[in-house]
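A quick note: this is a predicted structure, and the numbers were derived from the prediction, not measured. Below, read A as the first sequence line, B as the second, and so on, with proteins coming before strands; counting in each chain starts at 1.
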There are 2 protein chains.
Amino acid sequence: MTKTLKHELKADILLDKGIELLWSKGYNATSVNDIVKIAGVPKGSFYFYFESKEDFVVKAIEKYFDDHFTPAKEILLNKSVSPKQRLLNFHEFRYNILKNEMDCKMGCLACNLGNEMAEHSEAIRKSILNKEQFVLALITEVIQEAQDLGEINNLMAAADIAAFIEDAGKGSMTTMKEMNNAYPIDNFMNMIRNVLLK
Amino acid sequence: MTKTLKHELKADILLDKGIELLWSKGYNATSVNDIVKIAGVPKGSFYFYFESKEDFVVKAIEKYFDDHFTPAKEILLNKSVSPKQRLLNFHEFRYNILKNEMDCKMGCLACNLGNEMAEHSEAIRKSILNKEQFVLALITEVIQEAQDLGEINNLMAAADIAAFIEDAGKGSMTTMKEMNNAYPIDNFMNMIRNVLLK
DNA sequence: TATTAATAATTGACCAGTCATCTATTTATT
DNA sequence: AATAAATAGATGACTGGTCAATTATTAATA
């Protein structure tokens, strides 16, 4: 194993383990000590791999999107399915993960960190915004496609519908955490199915 | 000034100043030291007035709702206006505060703390949930009223519409903080005006 | 009513532990 | 031998929380 490979491997382990902690506990409740301990990496190494805790979190956000959005993206862009059905499958897929894999407790790493840190770290705010707007652009395109086909109505601009759906999903994740219960995302799915994507 | 009055006054100052800090910085980034310093109250007194930091935050959440929801509630329950118009005025009022008084940066204290702490403090989670469900019940009633009058459609249960609107509002606050920009709440207002409360 | 005893309120100094970060050193690679 | 990579351990500042000592208030007594 070459030096650089080993290097990137350790940085990746730190990121993977750090993402878990950040996701559940947020920025301020996750310490560098926690991260290196759970990753089995010497404490002193952390600042060899990353400039600072903030820098680490920016890279964690990027890895989070790359790892977690990719499978959902495949569903969204699967051209063998109609645009409207793709949108529904896409949301079904994402929100099933929240419900079943995560027991309604953790929400989305980016939303959590955005809520906690947007006002206090420009680097973190911008990295989240950047990734989210990339996602939003993809969804907007599919909504536009569905509108062009007459599958969903034309009353609102595709970009506004997409932004609203994403925001409503975010909020339902917050309430889901507060309730410890899937009602908010079930209600969300019903609303987009029966009202927004009509 | 009697002893008990002075007592409650100091506790109130701690709560008011603490709410400001918690609102902006969240639970873990707000220290007891920060709170007593800004309130001009001796450190030792904090634990005379409150059992713990967690207990303080629960009481801060209660005071936050009592102080901030009350004026909006008056608008919501003002029987001289039709139910649908009351709903629109109510949301207009709340989201103007976010935009104009708070520069799109702070969101809602309860949402912020819910996102950060729901998984880690049952006391905080329950106090937020309790207050939010009280608010939700009031909104639900007004939506029901509007449905009965035929002012808005009957396709969804009033409780589901109310929950969805509140969740969408929450999410738009998160994105507002991330974007540093009012677009998400403007888009939210348009959506409830043109789609949900039709 | 004046004095004392008992109780309650209030306080800053202090605790053990943790924080993010840095530096001096060791280990591995050319 | 020279250079770069990796790490152990230490740093000062800060954490939530405690507590013995002080002060203010009330109750009891003469």
Side-chain angles (χ1 to χ4, degrees), chain A residues 1-22 24-61 113 116-117 119-124 127, chain B residues 1-22 24-61 113 116-117 119-124 127:
Chain A
M1 186 186 293
T2 79
K3 174 182 45 181
T4 32
L5 210 78
K6 199 171 120 204
H7 185 285
E8 279 176 17
L9 198 72
K10 281 206 183 180
D12 251 34
I13 293 173
L14 281 167
L15 285 171
D16 282 336
K17 299 294 185 180
I19 284 169
E20 283 178 38
L21 289 177
L22 288 167
S24 161
K25 302 171 46 164
Y27 184 91
N28 284 293
T30 300
S31 73
V32 174
N33 277 327
D34 291 341
I35 298 166
V36 296
K37 195 192 283 176
I38 204 179
V41 168
K43 168 112 184 244
S45 303
F46 185 91
Y47 288 89
F48 178 73
Y49 296 116
F50 304 97
E51 271 181 30
S52 65
K53 186 183 178 184
E54 187 186 41
D55 172 57
F56 175 84
V57 171
V58 166
K59 273 156 185 146
I61 289 163
L113 289 176
E116 182 182 1
M117 297 303 296
E119 195 186 341
H120 307 284
S121 164
E122 274 296 279
I124 291 172
S127 76
Chain B
M1 188 187 290
T2 79
K3 175 183 47 179
T4 32
L5 210 78
K6 200 170 120 205
H7 184 285
E8 278 175 18
L9 198 71
K10 278 206 185 180
D12 251 33
I13 293 172
L14 281 167
L15 285 171
D16 282 337
K17 299 293 185 180
I19 284 169
E20 283 178 39
L21 289 177
L22 288 167
S24 161
K25 301 170 49 165
Y27 183 92
N28 284 294
T30 300
S31 73
V32 175
N33 279 324
D34 291 341
I35 298 166
V36 297
K37 194 191 285 175
I38 204 179
V41 168
K43 171 80 182 281
S45 303
F46 184 93
Y47 289 90
F48 178 74
Y49 298 119
F50 305 98
E51 271 180 31
S52 64
K53 185 183 178 185
E54 188 186 39
D55 172 55
F56 175 83
V57 171
V58 166
K59 273 152 186 152
I61 289 162
L113 288 176
E116 182 183 2
M117 297 303 295
E119 194 186 342
H120 307 285
S121 164
E122 275 296 278
I124 292 173
S127 75

| Going by the angle between their ring planes, with limits at 30° and 60°, are B:F56 and B:F50 parallel, tilted or perpendicular? | perpendicular

| query | Would one find a side-chain N or O of B:S45 under 4.0 angstrom from OP1 or OP2 of C:dT11? | reply | yes

| request: Kindly indicate, with the supporting measurements, whether the criterion side chain to side chain contact (heavy atoms under 4.5 Å, CB included) is fulfilled by B:D34 and B:K17. | output: CA-CA 9 Å; B:D34 291 341; B:K17 299 293 185 180; over 6 Å; no

| Whole-Å gap separating P (D:dA8) and OH (A:Y49) | 11 Å

| Euclidean distance, atom CZ of residue B:F46 to atom P of D:dT15 [Å, nearest integer] | 13 Å

| task | Indicate whether OP1 or OP2 belonging to D:dC14 is found under 4.0 Å from a side-chain N or O atom of B:K37. | result | no

| said: Could you tell me how far apart B:F50 (CZ) and D:dG17 (P) are, to the nearest whole angstrom? | reply: 13 Å

| request: Taking the side chain as every heavy atom from C-beta outward, state whether A:V58 and A:I61 have any pair of such atoms under 4.5 Å apart. | output: no

| said: Quick check: closest heavy atoms across A:A39 and A:I13, and the distance to 0.1 Å? | reply: O-CG2, 3.7 Å

| message | For a quick test of reading the model: is some side-chain N or O of B:Y47 closer than 4.0 Å to OP1 or OP2 of D:dT18? | response | no

| task | Return yes when atom CD of B:E51 has more than 12 non-hydrogen atoms of other residues, nucleotides or ligands closer than 6.0 Å, and no otherwise. | result | no

| request: Could you state the atom-to-atom distance from NZ of A:K10 to C1' of D:dA5 in whole Å? | output: 10 Å

List every contact pair, protein side and nucleotides 17-19 of chain C side both N or O, where the distance is under 3.5 Å.
| from | atom 1 | to | atom 2 | distance (Å) |
| --- | --- | --- | --- | --- |
| C:dC19 | OP1 | A:S31 | OG | 3.1 |
| C:dC19 | OP2 | A:S31 | OG | 3.4 |
| C:dC19 | OP2 | A:N33 | ND2 | 3.3 |

| query | In whole angstrom, what separates B:L14's CG from C:dA9's C1'? | reply | 15 Å

| message | How long is the straight-line distance from NE2 of B:H120 back to OG of A:S24, given to the nearest 0.5 Å? | response | 3.5 Å

